[in-house]
Every structure is written in C-alpha cells, then in structure tokens.
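Atoms within a ligand are numbered from 1 in the order they appear, just like the ligands themselves.
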Amino acid sequence: MMKPIRIALTKGRLEKDSIAMFERLGYDCTAVREKGRRLILPIANANMEVVLAKAADVATYVENGVCDIGIVGKDTIMEMGGTFYEVADLGFGRCRFALAVSEGVDFYAGYHTRCVASKYVNVARAFFERKNMDVNFVKIEGSVELAPILGLSDAIVDIVETGVTLRENGLVVAEYITDVSARLIVNIASLKLRKAEIEPFISEIEQYLAGEDDA
Ligand SMILES: Nc1ncnc2c1ncn2[C@@H]1O[C@H](COP(=O)(O)OP(=O)(O)OP(=O)(O)O)[C@@H](O)[C@H]1O
Ligand SMILES: O=P(O)(O)OC[C@H]1O[C@H](OP(=O)(O)OP(=O)(O)O)[C@H](O)[C@@H]1O
C-alpha cells in the first residue's frame with residue numbers, strides 16, 4: 001500500500017472544528033480524539049494520517065512536502081507567505097486582523113514615528129506600506145494587548161474575534177485590516193503525484209462546504 005496521505009492540523013483553536021469536519025465527511029478520527037501526547041494519528045478507515053502541529057509549522061511541513069495537506073489560518077499564511085496551493089476557505093476559525101489602540105488614542109494624530117506591536121509583524125508592515133506610512137514594529141509572542149498598556153507601543157495589530165480581550169484591556173479597534181479563517185492548503189508536488197487521492201478529497205470538502213452554505 002502507498003504511504004498514507006499526511007494531513008497537518010493546527011493544534012489549538014482550529015483543532016475541534018477540523019476534526020468535526022473530517023468526521024462529518026465520514027473519516028474515523030477516534031485515534032485523534034484519544035491522542036494523549038501522540039502527534040501523528042491514523043485515520044482508521046482511510047489511508048490517511050493526521051499530524052498535529054503549531055500553525056506556522058503546519059505551513060512549513062506542507063511547503064516542504066513532508067505533509068501533503070494542511071489546515072491553517074489565513075493569518076499564518078499572510079504572515080509566513082510560503083509556496084503551496086490554498087484550495088479552500090473552510091469557513092471556521094473566523095476572526096479579523098485589526099489595528100487596535102488604547103481607548104481615546106488617535107493613532108494618526110501628530111507626526112512622530114509610531115511603534116506597532118504584533119505577533120504578525122509582516123502583516124502589520126504590509127498594512128502600513130499600503131498607507132505609505134513609516135512605522136516601527138516590535139515582535140511580541142502573545143498577549144500582544146500588553147504592549148500599548150505597558151507603554152511599549154502606540155498600537156497593536158492582532159486577531160480580534162469577539163472583541164472581549166480588547167475590551168477587558170481598555171483597547172479599541174482603530175481599523176479592521178482583513179478577514180481571517182481556516183484554509184485548506186496542499187503541497188504542490190503532492191497534488192501532482194497523488195492527484196488520484198487528493199483531488200477527490202478536495203472535492204469532498206468542496207461539496208461539504210457547498211452543503212453548509214445551503215443549510
Ligand atoms: N480568537 C482567536 N484568536 C486567535 N486565533 C484565532 C481566533 N479565532 C480563530 N483563530 C485561528 O486559530 C489559529 C490558532 O490559534 P491558537 O490561539 O490556537 O494558537 P496560536 O495563537 O497560534 O499559538 P499558541 O498555541 O501559542 O496560543 C490562529 O492562527 C487563527 O487562524
Ligand atoms: O476577540 P477575542 O475573542 O477576545 O479573541 C482575540 C484574542 O485571541 C487571541 O489570543 P490567544 O487566545 O490565541 O492568545 P495569545 O494572545 O497568547 O496568542 C488574540 O491574539 C487575541 O488576544
């Protein structure tokens with residue numbers, strides 16, 4: 001038998017919806033649900049295995065072809081770039097990129113060079129380049145909302161979903177940048193070499209998504 005098709009799933013917030021989607025498509029994810037600390041899990045009723053990885057690593061594994069398929073947020077794709085096919089918007093993991101400031105602050109007032117903190121410095125840089133604005137960036141790894149509160153930055157570029165984190169930390173959205181959701185990505189060589197397996201899989205997902213739209 002050919003080696004299993006490897007699907008890299010983003011651990012954390014996208015995990016539950018990814019598994020739910022596979023189960024609705026009829027894939028047996030028992031091993032994934034009962035994974036313990038294991039990171040590679042078989043799908044019992046298909047020649048597939050699931051790899052659980054951090055978002056950026058999902059993109060890296062798919063780009064390098066050690067995983068054939070991946071599920072990763074558009075935020076990660078925008079931040080990392082990467083060469084792979086982005087074949088579907090899966091409709092879950094919905095949130096938005098936003099520029100946020102402390103309540104009452106006008107980010108655009110005055111002439112000083114602003115400092116923006118973000119886990120997504122490439123996304124932030126591209127946003128201000130489109131505005132032809134000279135801005136300094138500082139990379140923060142998490143809880144980015146702290147940076148303006150502590151006085152390190154004038155603003156943040158981060159993901160906003162419900163807005164609760166901003167609100168509870170005295171920040172407000174100054175501008176929405178773009179919508180984010182989970183995407184299905186495919187390695188370029190895999191799509192050629194394992195077309196007979198991967199194309200029907202993509203079609204199943206597309207049909208499932210079309211069905212969801214009708215519901
Ligand atoms: N409210 C949200 N906050 C963060 N990510 C979200 C949210 N809603 C959906 N997502 C998506 O979930 C993906 C994974 O986020 P998650 O918070 O699980 O891990 P992470 O922030 O990348 O890293 P860490 O494991 O260090 O928390 C994000 O890349 C994004 O696409
Ligand atoms: O609008 P909300 O619904 O409040 O969600 C947005 C928050 O969720 C994410 O953080 P996460 O929980 O991933 O932690 P992190 O800050 O450590 O990345 C994001 O960075 C915001 O802080």
Side-chain angles (χ1 to χ4, degrees), residues 7-22 29 32-33 35 37-39 41 50-63 67 69-82 84-103 105 107 115-127 137-150 152-186 205 209 212:
I7 306 182
L9 299 190
T10 300
K11 286 198 286 189
R13 286 179 190 265
L14 301 181
E15 205 175 314
K16 226 174 112 222
D17 285 342
S18 302
I19 295 166
M21 181 181 77
F22 286 132
C29 295
V32 189
R33 290 193 176 278
K35 64 184 187 305
R37 292 289 301 160
R38 279 200 300 157
L39 300 171
L41 296 314
V50 165
V51 171
L52 292 168
K54 286 202 73 148
D57 302 336
V58 168
T60 300
Y61 291 141
V62 172
E63 173 161 22
C67 292
I69 296 173
I71 294 184
V72 69
K74 183 68 180 179
D75 52 323
T76 305
I77 298 174
M78 287 174 68
E79 180 62 16
M80 291 186 61
F84 39 69
Y85 296 119
E86 184 186 318
V87 297
D89 180 341
L90 298 174
F92 56 80
R94 280 183 200 275
C95 48
R96 292 198 274 186
F97 268 130
L99 175 73
V101 293
S102 293
E103 224 173 332
V105 167
F107 180 76
C115 177
V116 170
S118 188
K119 196 165 148 181
Y120 301 91
V121 281
N122 293 328
V123 171
R125 189 174 293 113
F127 175 68
F137 301 96
V138 53
K139 167 96 190 215
I140 297 292
E141 295 296 338
S143 302
V144 182
E145 294 81 1
L146 284 169
I149 300 172
L150 297 175
L152 181 65
S153 71
D154 300 290
I156 60 171
V157 165
D158 198 19
I159 277 172
V160 180
E161 187 191 9
T162 60
V164 170
T165 311
L166 289 183
R167 194 160 62 240
E168 293 197 358
N169 291 287
L171 305 180
V172 290
V173 171
E175 226 170 307
Y176 282 110
I177 300 177
T178 185
D179 291 339
V180 168
S181 57
R183 306 298 158 100
L184 189 73
I185 62 173
V186 180
I205 289 191
L209 294 171
E212 261 197 332

Can you give me a line-by-line list of nitrogen or oxygen pairs between ligand 1 and the protein shorter than 3.5 Å?
from	atom 1	to	atom 2	distance (Å)
ligand 1	1 (N)	Arg13	NH1	3.3
ligand 1	1 (N)	Glu161	OE1	2.9
ligand 1	3 (N)	Arg13	NE	3.3
ligand 1	17 (O)	Arg13	NE	3.3
ligand 1	18 (O)	Arg13	N	2.8
ligand 1	21 (O)	Lys119	NZ	2.9
ligand 1	26 (O)	Lys54	NZ	3.1
ligand 1	29 (O)	Asp75	OD1	3.2
ligand 1	29 (O)	Asp75	OD2	2.5
ligand 1	31 (O)	Asp75	OD1	2.6
ligand 1	31 (O)	Asp75	OD2	3.3

Is there any protein N/O under 3.5 Å from an N/O of ligand 2, and what does the full list of such pairs look like?
from	atom 1	to	atom 2	distance (Å)
ligand 2	1 (O)	Glu161	N	2.7
ligand 2	1 (O)	Thr162	N	3.0
ligand 2	1 (O)	Gly163	N	2.8
ligand 2	3 (O)	Thr162	N	2.8
ligand 2	3 (O)	Thr162	OG1	2.5
ligand 2	4 (O)	Thr165	N	2.9
ligand 2	4 (O)	Thr165	OG1	2.4
ligand 2	8 (O)	Arg13	NH2	3.3
ligand 2	12 (O)	Arg13	NH2	2.6
ligand 2	16 (O)	Ser143	N	2.8
ligand 2	17 (O)	Ser143	N	3.4
ligand 2	18 (O)	Lys119	NZ	3.3
ligand 2	20 (O)	Asp158	OD1	3.2
ligand 2	20 (O)	Asp158	OD2	2.7
ligand 2	22 (O)	Glu145	OE2	2.6

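Around CZ of Phe127, the count of heavy atoms belonging to other residues, nucleotides or ligands within 6.0 Å exceeds 12. Shown here is Lys54, whose NZ atom has no more than 12 heavy atoms of other residues, nucleotides or ligands within 6.0 Å.
Using a 4.5 Å heavy-atom cutoff, the side chains of Ile71 and Phe92 are in contact. Using a 4.5 Å cut-off on side-chain heavy atoms (C-beta onward), Val144 and Tyr120 make no contact. Taking the side chain as every heavy atom from C-beta outward, Asp179 and Arg94 never approach each other to under 4.5 Å. Using a 4.5 Å heavy-atom cutoff, the side chains of Leu152 and Ile140 are in contact.
Lys74 has a carboxylate O that lies under 4.0 Å from a charged side-chain N of Glu86, or vice versa, which qualifies the two as a salt bridge.
Nearest approach of Val101 to Asp154, heavy atoms of both residues: CG1-O, 3.7 Å.
No side-chain donor-acceptor contact under 3.5 Å links Thr165 and Arg167.
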